[in-house]
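Have a look at the structure below before the remarks.
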Protein chains: 2
Amino acid sequence: MENMGAFENICNLLRNHSYKVTPQRQTILHMFVEHVDRHLSAEEVYMLVKNENPEIGLATVYRTLDILADIGVLIKNDFGDGRTRYEFSRKDEHHHHHHLICLKCGNVSEFDDDLLESLEAVIMKRNHFKVSDHDLKFYGYCSNCDGTQ
Amino acid sequence: MENMGAFENICNLLRNHSYKVTPQRQTILHMFVEHVDRHLSAEEVYMLVKNENPEIGLATVYRTLDILADIGVLIKNDFGDGRTRYEFSRKDEHHHHHHLICLKCGNVSEFDDDLLESLEAVIMKRNHFKVSDHDLKFYGYCSNCDGTQ
DNA sequence: CTACGTGCAAATAATTTGCAGAGGA
DNA sequence: TCCTCTGCAAATTATTTGCACGTAG
């Protein structure tokens, strides 16, 4: 019921940005609402979405992901595997979260922290650089892939 | 004279890894020793290197950059502009450095800090994740591109 | 009704690879 | 000599775009 609300809110967000709410966009949106915690590539979204709507084209998926990232519904991520990955944005829940990327299985988990706010202030003064965003990734081995196992 | 030494050291490093020291690899290496502070794409390296050795092929540049990154001479970077960028590694000089990426002119500068060491310890315990490396980027506007100007 | 959206296929762009000849160790 | 390198062109991979048709508002 809470997720239903999220879905409707985003449809309105689309309309406010004068984007039309098409079946394809709805299908993709549903997908993300059901996989709030995943980091999916365009190809993966395409595969998952084809079950519900086999007619959909890959180009439409790319175009929709772009729009959803543009209006802040999705966050684009680059984990260095050569494809862009998208995650559902839950801006209200956390200030910032960083990613823990397993070098063996490729799984991505999250880590909350707002330590970097203070660093940004230091950078602004020390380097005359106006920070507007940051991106912190930790590479290593998750508990499943840990060398000690 | 100090850079000369660096060049010779790397040639030996190549030999130790049973890579041959070819003219092409030497040319590319020279390039980086002369541009220690830059973050170059394969295409850019190719262009710069063609002046000294017009015969060189782009594929060779890619292959050489891969090798040099593999033996720790170069560091691969992804600043989100769709191409991999390589910088000369000066491991001895700093523990870690992070990047400040200007969203307007695309220039990349550096920032030294080792604050994250302590964070890594927290992550290991809290998330059962064995951290082996991290990557921190700040996006914003450099002093030239600052909105206040 | 009309501008925006869609599917498809072709176009880009960065990088990789197969292969036959060249050249370091 | 011999196995690694190289240049070239063709192959791959992720993403974008042109176009004629379809449809949300």
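Below, read A as the first sequence line, B as the second, and so on, with proteins coming before strands; counting in each chain starts at 1.
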With sequence neighbours excluded, tell me which residues meet side-chain hydrogen bond (donor to acceptor under 3.5 Å, both in side chains) with [X].
X       : value
R126(A) : none
N53(A)  : none
D78(A)  : none
K50(A)  : Y46(A)

Applying ring pair (Phe, Tyr, Trp, His ring centres under 6.0 Å), can you list everything that pairs with F79(B), at least two apart in sequence or on another chain?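 Once residues adjacent in sequence are excluded, the partners of F79(B) under the ring pair (Phe, Tyr, Trp, His ring centres under 6.0 Å) criterion are H39(B), H99(B).
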Which ones in residues 64-86 of chain B lie close to DNA chain C, meaning a heavy atom under 4.0 Å from one of its atoms?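 Within this stretch, G82(B), R83(B), T84(B) sit under 4.0 Å of the strand.
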Positions of residues 42-54 of chain B (non-hydrogen atom under 4.0 Å from DNA chain C), listed by number: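 The stretch gives none, as no residue of it lies under 4.0 Å from the strand.
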Which pairs of donor and acceptor atoms, one on a side chain in residues 58-73 of chain A, lie under 3.5 Å apart (sequence neighbours left out)?
{"from": "T64(A)", "atom 1": "OG1", "to": "T60(A)", "atom 2": "O", "distance (Å)": "2.8"}
{"from": "D66(A)", "atom 1": "OD1", "to": "K76(A)", "atom 2": "NZ", "distance (Å)": "3.4"}

For nucleotides 23-25 of chain C, print each protein N/O atom paired with a nucleotide N/O atom at under 3.5 Å, atom names and distance only.
{"from": "dG24(C)", "atom 1": "N2", "to": "K20(B)", "atom 2": "NZ", "distance (Å)": "3.4"}
{"from": "dA25(C)", "atom 1": "OP1", "to": "V21(B)", "atom 2": "N", "distance (Å)": "3.2"}

Can I get a per-line list of side-chain donor-acceptor pairs under 3.5 Å for residues 21-28 of chain B, giving both atom names and the distance, sequence neighbours left out?
{"from": "T22(B)", "atom 1": "OG1", "to": "R25(B)", "atom 2": "N", "distance (Å)": "3.3"}
{"from": "R25(B)", "atom 1": "NH1", "to": "K20(B)", "atom 2": "O", "distance (Å)": "2.8"}
{"from": "T27(B)", "atom 1": "OG1", "to": "P23(B)", "atom 2": "O", "distance (Å)": "2.8"}

Would you mind reading off the bend of the helix from dC1(C)-dG25(D) to dA25(C)-dT1(D) from its two end axes, five pairs each, to 10 degrees?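 Overall, the helix from dC1(C)-dG25(D) to dA25(C)-dT1(D) bends by 40° from one end axis to the other.
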Distance check, rounded to the nearest 0.5 Å: L103(B) atom CG versus D133(A) atom CG?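 It is 8.0 Å, given to the nearest 0.5 Å.
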Could you tell me from which nucleotide to which nucleotide of DNA chain D, 5' to 3', there is an atom under 4.0 Å from chain B heavy atoms?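 Using the under 4.0 Å cut-off, the span is dC3(D) to dC8(D).
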